[in-house]
Amino acid sequence: MKHFKIIVVGGLCASLLSNYILFTKLDGMDNKINNVSNYQHQVINTVNSQVGNINNIINKIKEDQSWLSAVNVDTVINESDMNKALVTFEWQVKELQDNSEVLFNYKKNEEKEYKSIKAEDKGNGFFRVVMPVEIKPEPNWNYQVIDRSNNSSERQMRVIEEKKEAYERENQLSFDYYISVSHADMIKSGEINIARIEDVGARKYGYLEVRTEIDTDKNFDLSVMSGKTYDTSVYLKDVYLKKFKDGQLIEEEKLEERKIEYEGGMPVREEPKVFYIKSSEEKLNYTSLAVKVVYSEGSVFEREIYSE
């Protein structure tokens with residue numbers, strides 16, 4: 001019996017010792033694996049950086065070797081009439097022969113045929129075209145719907161996005177354009193590019209982030225955050241939630257303003273304003289919701305943010 005106890009104790013000690021050695025080796029292996037993983041990440045980051053640099057160099061070489069520079073597009077809003085703007089296109093023709101004709105060819109939005117404008121010669125191969133355009137400036141809207149009820153949040157967002165895209169196609173402006181140079185019987189054309197002018201309104205009114213949350217009991221709350229605007233004299237003044245049932249306006253509720261809190265002494269965003277509706281026992285018994293925003297200079301905009 002005594003020998004049996006010695007054998008058992010010896011076996012346990014040997015087992016503990018072997019487990020200790022095994023765990024020590026495992027820890028060492030974990031450290032090696034972590035080191036290898038960190039090294040792989042460093043290699044990947046280095047490769048990605050080098051690939052990015054190579055792509056930039058290739059693009060620069062292509063641009064240097066191209067007969068046509070990139071086209072610079074700039075939009076200036078008419079301060080006396082916010083619905084009008086001037087869009088300037090500027091570029092350089094690097095291989096220009098005497099008596100060549102340089103044309104700016106474009107079509108707006110869904111137009112089928114291109115129109116041509118003779119470019120203004122600025123000297124040294126630089127050319128410019130300035131086009132007056134009609135615009136409808138408004139804030140840049142972003143939506144988020146979090147629906148924890150039985151309704152499909154994905155389907156609702158798809159409906160809202162489809163309406164947003166249709167609105168933008170109708171109200172925003174874009175150009176398809178290319179540059180062509182003709183000399184005698186030779187015609188040379190650049191690639192077709194797209195210039196979108198839809199960010200013009202955001203310069204004056206900034207962005208709006210609209211967040212709607214619906215819980216499992218169909219109680220809901222809403223917040224609207226506005227960002228900094230280029231024109232500091234214009235700011236978001238009031239926000240209203242319009243509630244509809246089968247296309248009929250049931251109620252228009254004014255949102256409260258809340259000052260956003262600072263984190264670590266720094267603002268979360270530059271000059272944000274937040275308007276919100278507190279969570280309540282009101283059920284979301286509406287077929288659609290829309291947000292109406294009023295700015296300090298009197299402009300009013302409205303967008304649907306929820307639809308069954």
**Asked** Between I179 and F127, is a side-chain contact (heavy atoms from CB on, under 4.5 Å) present by the stated rule, with each step listed?
**Response** CA-CA 10 Å; I179 310 301; F127 291 84; over 6 Å; no
**Request:** Report the C-alpha distance between K112 and K107 in whole Å, list the side-chain angles of each, state the deciding distance to 0.1 Å, and finish with yes or no for side-chain contact (heavy atoms from CB on, under 4.5 Å).
**Result:** CA-CA 7 Å; K112 303 298 183 183; K107 64 184 182 72; over 6 Å; no
**Asked** Under the ring pair (Phe, Tyr, Trp, His ring centres under 6.0 Å) criterion, do Y205 and F301 qualify, and how do the steps go?
**Response** CA-CA 10 Å; Y205 299 107; F301 305 98; 4.9 Å; yes
**Asked** Given Y306 and L222, is the side-chain contact (heavy atoms from CB on, under 4.5 Å) satisfied, shown in steps?
**Response** CA-CA 11 Å; Y306 170 87; L222 170 75; over 6 Å; no
**Item:** Steps toward side-chain contact (heavy atoms from CB on, under 4.5 Å) verdict (W91, V129)
**Value:** CA-CA 9 Å; W91 66 92; V129 165; 3.9 Å; yes
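Other residues, nucleotides and ligands place no more than 12 heavy atoms under 6.0 Å from the CG atom of N124. The neighbour count for K237 NZ, taken as heavy atoms of other residues, nucleotides or ligands under 6.0 Å away, does not exceed 12. Open room surrounds NZ on K115; 12 or fewer heavy atoms of other groups in view lie less than 6.0 Å from it.
Remark: the backbone N or O of S299 is paired with a side-chain donor or acceptor of E297 at under 3.5 angstrom. In this structure a side-chain-to-backbone donor-acceptor pair under 3.5 Å is present from S296 to S233.
Using a cut-off of 4.0 Å between Lys/Arg side-chain N and Asp/Glu carboxylate O, E213 and R211 are scored as salt-bridged. Between E120 and K122, at least one side-chain nitrogen of the basic residue sits less than 4.0 Å from a carboxylate oxygen of the acidic one, meeting the salt-bridge criterion.
Relative orientation of the F175 and F89 rings is perpendicular, given thresholds of 30° and 60° on the angle between their planes. Ring geometry for Y114 versus Y178: interplanar angle over 60°, hence perpendicular rather than tilted (30 to 60°).
For the atom pair OG of S288 and CG of D246, the computed distance is 9.0 Å after rounding to the nearest 0.5 Å. Note that CD1 of I187 and CD of E101 are 9.5 Å apart. Values are rounded to the nearest 0.5 Å. Put simply, CD1 on I135 and CG on D81 are 9.0 Å apart, with the number rounded to the nearest 0.5 Å. One distance of note links CD of Q92 with CG of N72; it measures 12.5 Å at 0.5 Å rounding. Note that the CZ atom of F275 and the CE atom of M225 stand 11.5 Å from one another [nearest 0.5 Å]. Here K94 contributes atom NZ and W67 contributes atom CH2; the two are 11.0 Å apart, rounded to the nearest 0.5 Å.
Here the closest heavy-atom approach between residue V234 and residue Y295 is recorded as CG1-CD2, 3.9 Å. Shown here for L96 and G125, the closest heavy-atom pair between the two residues is CD2-CA, 4.4 Å. Between G247 and T287 the shortest heavy-atom distance is N-OG1, 4.2 Å. When all heavy atoms of I214 and F220 are compared, the closest pair comes out as CG1-CB, 4.1 Å. Minimum interatomic distance between D176 and I192 (heavy atoms only, all atoms of both residues): CB-CG2, 4.4 Å. Smallest separation of non-hydrogen atoms from V300 and K292: CG1-CG, 3.6 Å.
In the hydrophobic cluster analysis, where Ile, Leu, Val, Met, Phe, Trp and Tyr join through side-chain heavy atoms closer than 4.5 angstrom, V102 is grouped together with I117. I277 is connected to L208 through a chain of hydrophobic side-chain contacts under 4.5 Å among Ile, Leu, Val, Met, Phe, Trp and Tyr, so both are in one cluster. In the hydrophobic clustering of ILVMFWY residues, with side-chain heavy atoms under 4.5 Å counting as a link, V73 and M131 come out together. By the rule that hydrophobic residues join a cluster once side-chain heavy atoms approach within less than 4.5 Å of another member, V133 and V130 end up as members of separate clusters. In the hydrophobic clustering of this structure, Y207 groups with V274; members are Ile, Leu, Val, Met, Phe, Trp, Tyr whose side-chain heavy atoms approach within less than 4.5 Å, directly or through other members.
Checking E252, E251, E304 one by one against K243, the salt bridge (Lys or Arg N to Asp or Glu O under 4.0 Å) holds for a single residue, E251. Here the options are V293, V145, V291, the test is side chain to side chain contact (heavy atoms under 4.5 Å, CB included), and the partner is V210; only V291 passes.
Within the 4.5 Å cutoff, the side chain of V76 has no heavy atoms near those of the T88 side chain. Two residues are said to be in side-chain contact when any heavy atoms from C-beta on lie closer than 4.5 Å; Q144 and E209 fail this criterion. For the pair Y286 and F244, the minimum side-chain heavy-atom distance is 4.5 Å or more. Side-chain atoms of K84 and P132, non-hydrogen and from C-beta on, never get closer than 4.5 Å to each other. Using a 4.5 Å cut-off on side-chain heavy atoms (C-beta onward), L68 and V181 make no contact.
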